[in-house]
2 protein chains.
Amino acid sequence: MANTPNFLAKNKSIILYGIFLAMLLFLLKWLELRFIIINHAFEIYAGSIAVIFMALGIWLALKLTKPKTILIEKEVFTEKPETFILNEKELIRLNISKRELEVLQLMAEGLSNQEIALKLFVSLNTIKTHNARLFEKLAVKRRTQAIETAKKRNIIP
Amino acid sequence: MANTPNFLAKNKSIILYGIFLAMLLFLLKWLELRFIIINHAFEIYAGSIAVIFMALGIWLALKLTKPKTILIEKEVFTEKPETFILNEKELIRLNISKRELEVLQLMAEGLSNQEIALKLFVSLNTIKTHNARLFEKLAVKRRTQAIETAKKRNIIP
DNA sequence: TTAACCCTCATACTTTAGGGTGATTTTTTA
DNA sequence: TAAAAAATCACCCTAAAGTATGAGGGTTAA
């Protein structure tokens with residue numbers, strides 16, 4: 001997205017490094033003035049330098065280039081997670097057991113009784129029993145009401 | 001962003017590579033002890049070759065390489081505001097009518113279809129029809145799921 | 001160890017929810 | 001004004017939810 005301005009900086013550093021390397025080579029050469037080079041090997045030498053430095057250039061470019069990252073912002077609606085604090089007092093006051101709370105949560109997620117039963121590895125009838133107890137304790141008639149009441153009382157997020 | 005930790009690694013690799021290059025040069029020199037350096041022009045020539053080909057390598061790598069792109073899906077959590085703000089865009093997007101929204105709200109309050117029908121002075125069948133349309137538009141199967149989805153999308157408080 | 005509680009499950013029944021189809025009337029829009 | 005969309009309703013049927021009652025087994029605390 002906003003990575004294009006980085007390109008100049010990257011190239012600059014690469015170029016600077018190239019110049020630095022060249023200078024280093026010059027220095028080396030300067031210090032070894034009296035080294036002997038046979039004339040006919042010159043082309044090989046120059047070619048080697050060319051190949052090596054091109055490889056170096058490619059390597060540098062590949063290594064030092066940061067991959068472009070494209071950000072895709074995906075909107076996720078949340079149930080204000082940081083806000084939810086389980087109201088344990090209410091749980092105790094209403095005398096709701098762990099299992100019942102579990103069923104209540106799954107219920108609020110939109111699961112059917114059958115789905116809840118499968119998820120908790122119990123029978124459909126068991127879930128129905130839990131529901132009946134829950135409705136009684138929450139003083140409601142339907143699951144939708146149970147969800148509403150439980151949310152209001154911070155029993156479920 | 002989080003580039004600072006990369007600096008050391010990069011510099012290290014560069015330094016290592018420099019050392020490696022220097023060693024390679026020494027090796028070359030050692031093997032070509034009797035080579036004669038005629039004049040300064042040679043160093044200039046070799047250096048030029050080095051620089052040019054490294055530049056070529058960099059250019060090649062940058063131009064001919066497919067841009068490295070990394071897709072990052074970032075989840076943007078939109079908090080549910082305390083004061084409910086209706087997400088009208090979502091309503092329009094989902095093509096939910098006024099009446100359907102009304103039914104949805106009452107549904108979320110825990111009313112049965114019969115109760116909603118009485119409240120809106122229409123027949124039970126009408127409510128069922130509205131429900132069916134709602135479920136289709138919200139891509140859900142049950143009223144509990146409809147409520148959950150609608151709340152997440154700020155269609156209902 | 002007995003009472004209280006929780007979890008489990010069953011059977012039988014009633015009510016509510018949901019699917020599919022088709023149709024009429026009103027309202028809105030192109 | 002004609003077409004599209006919205007709102008209304010009916011009928012039939014299936015699926016799911018909910019009610020009522022009874023009961024067995026496990027845990028726990030008085």
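Each chain gets a letter, A, B and so on, in the order the sequences are listed, and its residues count up from 1. Hydrogens, waters and symmetry mates play no part in the numbers below; they use all other heavy atoms, side chains included.
- Atom P of nucleotide D:dA7 and atom CG of B:Leu101 are separated by 10 Å, given to the nearest angstrom.
- One can place CD of A:Gln145 at 10 Å from P of D:dT19, the figure rounded to the nearest angstrom.
- Distance CD1 (B:Ile127) to C1' (D:dT8): 10 Å, rounded to an integer number of Å.
- A close approach under 4.0 Å does not occur between any side-chain nitrogen or oxygen of B:His130 and OP1 or OP2 of D:dA7.
- Regarding A:Leu134, its CG atom lies at a distance of 14 Å from the C1' atom of D:dA17, rounded to whole Å.
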Letter by letter from the 5' end, nucleotides 10-30 of chain C scores (B base, S sugar-phosphate only, - none; protein heavy atoms under 4.0 Å) BB-----BBS-----------
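- In this structure, the side chain of B:Glu100 does not engage the main chain of B:Ile96 through any donor-acceptor pair within 3.5 Å.
- A:Glu102 has a carboxylate O that lies under 4.0 Å from a charged side-chain N of A:Arg99, or vice versa, which qualifies the two as a salt bridge.
- The line from CG of A:Leu104 to CD of A:Glu109 is 10.5 Å long, rounded to the nearest 0.5 Å.
- Residue B:Ile96 contributes atom CD1, which lies 11 Å from atom P of D:dA6 at whole-angstrom precision.
- Using a 4.5 Å heavy-atom cutoff, the side chains of B:Glu90 and B:Asn154 are not in contact.
- Residue pairs that meet the side chain to side chain donor-acceptor pair (under 3.5 Å) test with at least one member in residues 116-125 of chain A, sequence neighbours left out, are A:Ser123-A:Thr126.
- To the nearest angstrom, P of D:dA6 lies 12 Å from CD of B:Glu136.
- Per the geometry, CD1 belonging to B:Ile116 stands 16 Å off C1' belonging to D:dT8, to the nearest Å.
- A salt bridge does not link A:Glu115 to B:Lys141: none of the charged side-chain nitrogens sits closer than 4.0 Å to a carboxylate oxygen.
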